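Okay, structure first, notes after.
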Amino acid sequence: MSIIYHLIQVETEIGIGIYNITPQIVEYLKLSKIKNGQVLVFSRHTTTALAINEYEERLLDDIKTHWLKLAPPDAQYLHNDLHLRVVPPDEPMNAHSHLMAMMLSTSEVIPVVDGELGLGTWQSVLFFELDGPRTRTVSIQISGE
């Protein structure tokens with residue numbers, strides 16, 4: 001069995017952003033030449049997340065609206081009391097971003113069947129930036145034969 005590791009870099013925009021990283025994963029899968037196995041996708045940040053869902057513009061807007069209702073940025077959060085803890089000078093007030101990330105997932109596992117991702121018709125691997133803009137990395141581990 002082979003195991004191959006890659007990093008995907010995502011340059012995000014301000015605020016909440018949803019990015020389709022399926023094409024990058026497919027490209028690394030092709031390069032791996034693995035025909036059957038799985039791909040582990042892992043978000044390496046505490047204010048980002050992953051999910052498999054439909055990448056459709058109006059749905060993405062609905063998702064953002066829903067999260068902002070669940071964890072509004074302007075609510076009172078203890079984590080945002082920056083003067084009460086040791087933080088870097090550029091530390092953002094981002095408790096809402098951490099809470100949103102915890103409602104999602106840090107990883108997804110996708111089957112590889114005959115050299116292709118085993119996703120359904122409308123499924124894409126979505127990367128969620130919850131505290132942008134930033135440069136983010138997502139790890140991809142492809143294993144199989």
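Start at 1 with the first residue, then count along the sequence. The shown structure was predicted, so the numbers you read here are calculated from the model rather than taken from an experiment.
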Show, in sequence, the C-alpha distance, side-chain angles and deciding distance for F42 and T106, and conclude whether the side-chain contact (heavy atoms from CB on, under 4.5 Å) test is met.
CA-CA 6 Å; F42 178 74; T106 57; 3.8 Å; yes
So how far is it from I18 CD1 to L60 CG, rounded to the nearest 0.5 Å?
4.5 Å
Would you confirm whether D81, through its side chain, and H83, through its main-chain N or O, come within 3.5 Å as a donor-acceptor pair?
no
Do Q123 side-chain atoms and G120 backbone N/O form a donor-acceptor pair below 3.5 Å?
yes
How far does CD1 of I3 sit from CD of Q141, to the nearest 0.5 angstrom?
5.5 Å
Indicate whether any N or O donor in one side chain lies under 3.5 Å from an N or O acceptor in the other, for Q9 and T137.
no
Is there a donor-acceptor contact under 3.5 Å from the side chain of D114 to the main chain of N36?
no
Answer with yes or no whether the side chains of S43 and T48 bring together a donor and an acceptor at under 3.5 Å.
yes
For E129, is there an ion pair with R136 - N to carboxylate O distance below 4.0 angstrom?
yes
Taking atom CG of L78 as the centre, report whether more than 12 heavy atoms of other residues, nucleotides or ligands fall under 6.0 Å from it.
no
What pair of heavy atoms forms the shortest contact from S143 to M1, and how long is it?
CB-SD, 4.3 Å
Strictly distance-based, threshold 3.5 Å: is any side-chain N or O of N80 a donor or acceptor partner for the main-chain N or O of A95?
yes
Angle class for the F128/W67 ring planes (parallel below 30°, perpendicular above 60°, tilted otherwise)?
perpendicular
Answer yes or no: is there a donor N or O on one side and an acceptor on the other, between the side chain of S124 and the main chain of L126, under 3.5 Å?
no
Between R85 and H79 (side chain of the first, backbone of the second, donor and acceptor by atom type, cut-off under 3.5 Å), is there such a pair?
yes
